*Asks:* 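Take a look at the following structure, please.
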Amino acid sequence: MKIVVGLSGGVDSSVAAYLLQKQGHEVIGLFMRNWNDASVTLEDECPWIEDSNDALLVAKKLGIPFQVIDMSELYKERIVDYMFAEYEAGRTPNPDVLCNREIKFDVFMKIAMSLGADYVATGHYCRKGTIEKDGKEVFQLLAGKDGNKDQSYFLCQLSQDQLSKALFPIGELTKPEVREIASKLDLITAEKKDSQGLCFIGKVRLPEFLQQKLQPKEGV
């Protein structure tokens with residue numbers, strides 16, 4: 001099968017790509033460039049250039065095709081504008097949940113399918129199961145084996161169609177097991193710290209980030 005892996009430049013997606021390759025699949029690595037404005041990110045926190053370079057080095061090590069796709073315009077439209085609107089309405093948004101539904105498993109998945117992919121894989125710590133209901137196969141989103149790293153919550157809004165085309169190769173592994181595999185392969189991402197902050201942006205100066213568009217107002 002042809003499988004497109006969302007290579008983020010982290011250890012989880014790196015090992016996900018390796019595991020699929022080891023199973024004999026044709027693997028393609030794609031890096032999503034979703035943010036261009038470094039003025040609101042904290043220095044040395046999740047710079048996209050470093051991440052894309054790490055993803056490229058992993059792809060070279062594994063011998064798989066790799067390319068970067070620029071989705072920054074769509075990301076701003078679907079994720080950042082939503083964040084501004086929610087904060088303005090006095091609500092706290094969850095951009096990571098929306099990012100998975102609207103970007104990784106919608107736009108990104110469509111790009112992958114246009115490349116002839118059968119599935120899209122990510123480095124999420126979760127699993128996929130199936131049950132039969134009324135004679136039909138129904139996909140279930142299950143917690144990852146590693147209780148400390150379970151990320152099923154962030155994928156809670158995926159549709160049946162999205163789940164049907166999604167693979168989570170590291171869902172049966174713990175984080176230490178993933179790092180051990182990466183170390184044995186001598187991947188550059190083996191000891192890389194986990195990314196934190198906004199999905200594909202990193203840690204931001206949130207007040208400055210919001211003040212780009214929202215005017216401060218007194219609370220009640």
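Quick note: numbers below take in every heavy atom, side chains included, and nothing from hydrogens, waters or symmetry partners. Keep in mind that what you see is a predicted model, and the values were worked out from it rather than measured.
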*Asks:* Within this structure, what is the CD1-CE distance for the pair Ile69 and Met32, rounded to the nearest 0.5 Å?
*Replies:* 6.5 Å

*Asks:* Please determine whether residues Met71 and Phe154 belong to a single hydrophobic cluster, defined as Ile, Leu, Val, Met, Phe, Trp and Tyr linked transitively by side-chain heavy-atom distances below 4.5 Å.
*Replies:* no

*Asks:* Given the rule that I, L, V, M, F, W and Y join up when any side-chain heavy atoms are under 4.5 Å apart, are Leu141 and Val138 in one cluster?
*Replies:* no

*Asks:* Go through the structure and list residues passing salt bridge (Lys or Arg N to Asp or Glu O under 4.0 Å) with Glu177, not counting sequence neighbours.
*Replies:* none

*Asks:* Could you go through the side chain to side chain contact (heavy atoms under 4.5 Å, CB included) check for Gln162 and Gln157 one step at a time?
*Replies:* CA-CA 10 Å; Gln162 289 170 319; Gln157 293 186 356; over 6 Å; no

*Asks:* Parallel, tilted or perpendicular: which describes the rings of Phe168 and His124, with under 30° parallel and over 60° perpendicular?
*Replies:* perpendicular

*Asks:* Test of understanding: with salt bridge (Lys or Arg N to Asp or Glu O under 4.0 Å), list the residues that count as partners of Lys193, not counting sequence neighbours.
*Replies:* none

*Asks:* Under the criterion side chain to side chain contact (heavy atoms under 4.5 Å, CB included), I'd like the reasoning laid out for Thr92 against Glu86: C-alpha separation, chi angles, the key distance, then a yes or no.
*Replies:* CA-CA 6 Å; Thr92 303; Glu86 288 297 285; over 6 Å; no

*Asks:* Does a side-chain N-to-carboxylate-O contact under 4.0 Å join Arg101 and Asp106?
*Replies:* no

*Asks:* Linking I/L/V/M/F/W/Y whenever any side-chain heavy atoms sit under 4.5 Å apart, do Ile79 and Val97 land together?
*Replies:* no

*Asks:* Keeping the roles fixed (side chain from Arg179, backbone from Ala190), state whether a donor-acceptor pair exists under 3.5 Å.
*Replies:* yes

*Asks:* Working to the nearest 0.5 Å, report the span between OH of Tyr75 and SG of Cys99.
*Replies:* 5.0 Å

*Asks:* Hydrophobic clusters join Ile, Leu, Val, Met, Phe, Trp and Tyr when side-chain heavy atoms are under 4.5 Å apart, directly or via other members; which others share one with Leu142?
*Replies:* none

*Asks:* What closest approach, in Å, do Cys126 and Leu155 show between heavy atoms, and which atom pair accounts for it?
*Replies:* SG-CD1, 3.2 Å

*Asks:* Mind listing the closest non-hydrogen atom pair of Gly116 and Lys2 along with its distance?
*Replies:* O-CD, 3.5 Å

*Asks:* Kindly write out the residues that satisfy salt bridge (Lys or Arg N to Asp or Glu O under 4.0 Å) with Lys136, not counting sequence neighbours, or none if the list is empty.
*Replies:* none

*Asks:* So which heavy atom on Glu191 is nearest to which on Ser183, and how close?
*Replies:* OE2-OG, 3.4 Å

*Asks:* Given Asp81 and Lys76, is the side chain to side chain contact (heavy atoms under 4.5 Å, CB included) satisfied, shown in steps?
*Replies:* CA-CA 6 Å; Asp81 289 350; Lys76 181 187 178 301; 3.1 Å; yes

*Asks:* Got a sec, which pairs hit salt bridge (charged side-chain N to carboxylate O under 4.0 Å, His left out) with one end in residues 141-156, sequence neighbours left out?
*Replies:* Lys149-Asp194

*Asks:* Can you tell me how far apart CD1 (Ile3) and CD1 (Ile28) are? Round to the nearest 0.5 Å.
*Replies:* 10.0 Å

*Asks:* Mind checking the CD1-CD1 spacing from Ile170 to Ile181? Nearest 0.5 Å is all I need.
*Replies:* 9.0 Å

*Asks:* Please determine whether residues Val5 and Tyr119 belong to a single hydrophobic cluster, defined as Ile, Leu, Val, Met, Phe, Trp and Tyr linked transitively by side-chain heavy-atom distances below 4.5 Å.
*Replies:* yes

*Asks:* I'd like to check the salt bridge (Lys or Arg N to Asp or Glu O under 4.0 Å) partners of Glu77; sequence neighbours left out, ordered by chain and number.
*Replies:* none

*Asks:* Only counting residues at least two apart or in another chain, list the ones meeting side chain to side chain contact (heavy atoms under 4.5 Å, CB included) with Gln21.
*Replies:* Tyr18, Val27, Leu62, Ile64

*Asks:* Do Phe31 and Leu57 sit in the same hydrophobic cluster, where Ile, Leu, Val, Met, Phe, Trp and Tyr count as joined when their side-chain heavy atoms come under 4.5 Å apart?
*Replies:* yes

*Asks:* Which heavy atom of Phe66 sits nearest to which heavy atom of Ser52, and what is that distance?
*Replies:* CZ-O, 3.8 Å

*Asks:* Verify side chain to side chain contact (heavy atoms under 4.5 Å, CB included) between Val4 and Phe108, making sure each step is shown before the conclusion.
*Replies:* CA-CA 10 Å; Val4 166; Phe108 181 79; 3.9 Å; yes

*Asks:* Would you say Lys192's side chain and Gly9's backbone share a donor-acceptor pair under 3.5 angstrom?
*Replies:* yes

*Asks:* What side-chain donor-acceptor pairs closer than 3.5 Å can you find for residues 10-17, not counting sequence neighbours?
*Replies:*
from  : atom 1 : to     : atom 2 : distance (Å)
Asp12 : OD1    : Tyr125 : OH     : 2.6
Asp12 : OD1    : Lys175 : NZ     : 3.0
Asp12 : OD2    : Lys175 : NZ     : 3.1
Ser13 : OG     : Ser8   : N      : 3.1
Ser13 : OG     : Ser8   : OG     : 3.3
Ser14 : OG     : Gly10  : O      : 2.6
Ser14 : OG     : Thr189 : OG1    : 3.0

*Asks:* Within this structure, what is the OG-NZ distance for the pair Ser164 and Lys128, rounded to the nearest 0.5 Å?
*Replies:* 6.5 Å

*Asks:* If the condition is side chain to side chain contact (heavy atoms under 4.5 Å, CB included), which residues does Lys165 pass it with, not counting sequence neighbours?
*Replies:* Met109, Met113, Asp161

*Asks:* Considering residues at least two apart in sequence or located in another chain, which fulfil the side chain to side chain contact (heavy atoms under 4.5 Å, CB included) criterion with Asn53?
*Replies:* Ile49

*Asks:* Would you give the length of the straight line joining atom NZ of Lys61 to atom CD1 of Ile188, rounded to the nearest 0.5 angstrom?
*Replies:* 10.0 Å

*Asks:* Under the side-chain hydrogen bond (donor to acceptor under 3.5 Å, both in side chains) rule, collect the residues that match up with Asn94, sequence neighbours excluded.
*Replies:* Tyr153

*Asks:* Go through the structure and list residues passing side chain to side chain contact (heavy atoms under 4.5 Å, CB included) with Glu137, not counting sequence neighbours.
*Replies:* Thr130, Phe139

